[in-house]
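The structure appears below as structure tokens.
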Amino acid sequence: MSLNERITVLVSGYKANPKRLIEDLIHFIFLILGLITVGCVLIITIYLIISGLPAIIEIGPIEFLFGTRWASTASEPAFGILPFILTSIYGTAGAIIIGVPIGFFVAVYLAKMAPRKFKETMQLCVGVLAGIPSVIYGLVGMSVLVPAIRAIFDVPDGASLFAAIIVLSVMILPSVINVSLSALEAVPHEYEEASLSLGATSIETYFRVTVPAARSGIFTAIVLGIGRAIGEAMAIMMVAGNVANMPGLFKSVRFLTTAVASEMSYSSGLQREALFSIALVLFFFIMLINAVLNFLKTRSQKI
Amino acid sequence: MIEGLSTKRKVWCLIMRTLCYISLVIVVALTAFMLLYVLFKGIPNIIENPRMLIETPSVRRGIDGILPDIMNTVYVVIATLIMVLPLGVGAAIYLTEYARNRRVVEIIEFASETLSGIPSIIYGLVGMLLFVQLLGFRTSLLAGSCTLVIMNLPTIMRTTEEALKTVPQSYREGAFALGAGKWRVIRTVVLPTCINGIVTGCILTVGRILGESAALLFTAGLAHRLYGFFEGMANSGATLTVALYVYASERGDFDIAYAIAAILIILTVIINLITTYLGRIMERRNGQ
């Protein structure tokens, strides 16, 4: 059937039944609405690549990614973002090392041992912790944590990678707890009953049967935490000191996110383009994490 | 506990149990500390100077005021919800009611998950490029709201979708059997039954907008001037969260910062109470 014929058939069909035209139109509108998210993802990706690539090419990819000196406003500017990349990686790793065990044990307790009322209260607590705006974490970090670190560790300035790690580990707690909790709750009770009937204590059952069975959900929680930590900007901008140093636990540092946020307002020319390139690198990391999340999801669906 | 357990097993159990309790205490203490510390530091500032809630700040007259920031927040919330609701609910309806091609559903869901994983600072940058520069909105509340629309689309989509899935298939079949068209069934039967889920999504979105700063910094700007709704949309303005950031880290004015923080914390707790309550209603209904 040629295109013309098809259209004639379609039109005559609609003439016979005008209601169908409206239904099909509405279907079409909803299809467009559904595809908006896809459009948004495409626009974001394309925009970041278009605005981020030129500076990387101009500076040289190796020099940009592995250069250790960032001096964007110097008379002889240097654009090496290795300090930011390493800081982001170290900061995230630190937050995971502190935050995940705490979140994991709380999730096990809430899923298996807590009385119902207490569990509901705790879930509300975790919800509030998740809802607190990140700038408030930054504010409390600035006025409590930073002076405390200066006093306890006797360093000249408390605004450091360490302060950022503490703030980040608090901020990833809610997602780690919530996701592990639902994974642990989804484990079939038969597993636990079998283990209990074989003579294992309840604690042994929870940690040796339930937790391994909920493994992929707990991995998802960790990866989600990594995503949260690597993307956080405002809170750590307020506590990390914001100097482009190579990372050290008590050194003032800059993350990928804070590098973008702190210079954007007064940047121009190549410096501005380089900031977009940093955003592109950050986006690349996030996409990597998304890919891992997706892999985990499809694998857990198969099981 | 069973008698005759080997010492090694007893010790292991004890250690695990203790670790659980320690972690629990840490989380409870943290939540209590964050809430109480901010409230204790912030509320006295508000009580001491209650006029700040209804004043526009003026350096010349030496007054502090956060009314413009409050109003900006309200404007951004309203504008974002007006835009994101039709888009998000529509997308969710497409996914649950219309889509037959599994491939398309997978692509849309993948896109929505990707969107929810993108950090807000990247939204800020893209919003700046797209809305502020390319579409010529300048740094304004409208540009900020548009950025927040993209950010919150996945939240509205997910909550609506979950609610739509709980609507029993028999409702739809009953309506179809009476001769209603698909659109009519959705409009008169499906949507009213899942209004709870849509409301939950809205409240979650309000919570996220209240807490958002990085995405608004470059799109909505930092001004503290009082406008009406439409005038405000066209002009730059700081929301409460952005104002908090500016006061704390650029001006070092911690009194106002903590006052704003206290307001935000109270709102956060209220929002959480409402969503928990709505969630419980939904659960009860699904249980029946």
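Note that these values count all heavy atoms, side chains included, but never hydrogens, waters or copies made by symmetry. Throughout, protein chains are lettered first and strands after them, A, B, ... in sequence-line order, and every chain is numbered starting at 1.
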message: Rounded to the nearest 0.5 Å, what separates atom CD in B/Glu97 from atom NE2 in A/His27?
response: 11.5 Å

- line: Here the gap from A/Met113 atom CE to B/Leu24 atom CG, rounded to the nearest 0.5 Å, amounts to 9.5 Å

Show me, pair by pair, the donor-acceptor contacts under 3.5 angstrom made by side chains of residues 122-145 of chain A, not counting sequence neighbours?
residue	atom	partner	partner atom	Å
A/Ser134	OG	A/Glu232	OE2	3.4
A/Tyr137	OH	A/Leu129	O	2.6
A/Ser143	OG	A/Leu139	O	3.0
A/Ser143	OG	B/Tyr258	OH	2.4

statement: Taken to the nearest 0.5 Å, the spacing of A/Ile289 CD1 from B/Thr114 OG1 works out to 12.5 Å

- prompt: For the atom pair CZ (A/Phe276) and CE (B/Met128), what is the distance rounded to the nearest 0.5 Å?
  reply: 4.0 Å

- request: Using a cut-off of under 4.5 Å on heavy-atom pairs, state which of A/Ala107, A/Ala233, A/Ala261, A/Ala279 scores highest against chain B.
  value: A/Ala261

message: Is B/Ile122 in contact with chain A via its backbone, its side chain, both, or neither, using a 4.5 Å heavy-atom distance?
response: side chain

message: Please give me the minimum heavy-atom distance between A/Ile286 and B/Ile118, naming the atom from each residue.
response: CG2-CA, 4.2 Å

- request: Quick one: do A/Leu31 and B/Tyr98 satisfy side-chain contact (heavy atoms from CB on, under 4.5 Å)? Show the steps, please.
  value: CA-CA 8 Å; A/Leu31 172 67; B/Tyr98 281 102; over 6 Å; no

field: Contacting region of B/Arg208 [heavy-atom separation from chain A under 4.5 Å]
entry: neither

- line: Bottom line for B/Ile26: the part with an atom under 4.5 Å from chain A's heavy atoms is side chain

- line: dist A/Ile203:CD1 -> B/Lys10:NZ (nearest 0.5 Å) comes out at 14.5 Å

task: Could you walk me through whether A/Asn294 and B/Glu113 pass the side-chain contact (heavy atoms from CB on, under 4.5 Å) test, one step at a time?
output: CA-CA 9 Å; A/Asn294 243 340; B/Glu113 265 161 46; 4.0 Å; yes

Could you go through residues 33-54 of chain A and list every donor-acceptor pair under 3.5 Å that involves a side-chain atom there, pairing it with any protein atom two or more places apart or in another chain?
residue	atom	partner	partner atom	Å
A/Thr37	OG1	A/Gly34	O	3.3
A/Thr45	OG1	A/Val41	O	2.6
A/Ser51	OG	A/Tyr47	O	2.6

query: What pair of heavy atoms forms the shortest contact from A/Phe30 to B/Gly90, and how long is it?
result: CD2-O, 3.3 Å

- request: Give a yes or no on whether A/Phe118 atom CZ has more than 12 heavy-atom contacts from other residues, nucleotides or ligands under 6.0 Å away.
  value: yes

query: Who in residues 170-179 of chain A is close to chain B, using a strict under-4.5 Å heavy-atom cut-off?
result: A/Val170, A/Leu173, A/Ile177

query: Based on non-hydrogen pairs under 4.5 Å, which of B/Val269, B/Leu129, B/Leu95 is most in contact with chain A?
result: B/Leu129

Contact class of B/Leu217 relative to chain A, heavy atoms under 4.5 angstrom: side chain

statement: All heavy atoms of A/Glu23 vs all of B/Arg184, minimum pair found to be OE2-N, 4.5 Å

message: How close do B/Ser23 and A/Phe105 get, counting heavy atoms only, and between which atoms?
response: OG-CB, 3.3 Å

- prompt: Which region of B/Pro86, side chain (C-beta onward) or backbone (N, CA, C, O), has a non-hydrogen atom less than 4.5 Å from a non-hydrogen atom of chain A, or is it both or neither?
  reply: backbone

Top contributor to chain A interface from B/Ile22, B/Thr276, B/Leu87 [non-hydrogen pairs under 4.5 Å]: B/Leu87

field: Interchain contact, B/Leu153 with chain A, by part (heavy-atom threshold 4.5 Å)
entry: side chain

task: Could you tell me which residues satisfy ring pair (Phe, Tyr, Trp, His ring centres under 6.0 Å) with A/Phe28, sequence neighbours excluded, listed by chain and number?
output: none

- prompt: Between B/Val28, B/Ile93, B/Leu30, which shows the greatest number of heavy-atom pairs under 4.5 Å with chain A?
  reply: B/Ile93

- prompt: Does CZ belonging to B/Phe40 count more than 12 external heavy atoms closer than 6.0 Å?
  reply: no

message: Counting neighbours of CZ on B/Phe110 that are heavy atoms of other residues, nucleotides or ligands and sit closer than 6.0 Å, is the number greater than 12?
response: no

- request: Indicate yes or no: at least one non-hydrogen side-chain atom of A/Phe285 is less than 4.5 angstrom from one of B/Pro119.
  value: no

task: Apply side-chain contact (heavy atoms from CB on, under 4.5 Å) to the pair B/Ser249 and A/Met237, showing each step before the final yes or no.
output: CA-CA 9 Å; B/Ser249 97; A/Met237 191 148 133; 6.0 Å; no

- line: Interface check, chain A: of B/Val126, B/Asn272, B/Val104, most non-hydrogen pairs under 4.5 Å belong to B/Asn272

query: Between B/Ser213, B/Ser112, B/Ala248, which has the largest tally of heavy atom pairs under 4.5 Å with chain A?
result: B/Ser213

- prompt: Given that the side chain runs from C-beta out, which part of B/Leu273 has a heavy atom under 4.5 Å from chain A: side chain, backbone, both or neither?
  reply: both

- request: Could you pull out the closest heavy-atom pair between A/Thr201 and B/Arg9, with the gap in Å?
  value: N-NH2, 4.1 Å

- request: Would you give the length of the straight line joining atom CG of B/Leu216 to atom CE of A/Met234, rounded to the nearest 0.5 angstrom?
  value: 9.5 Å

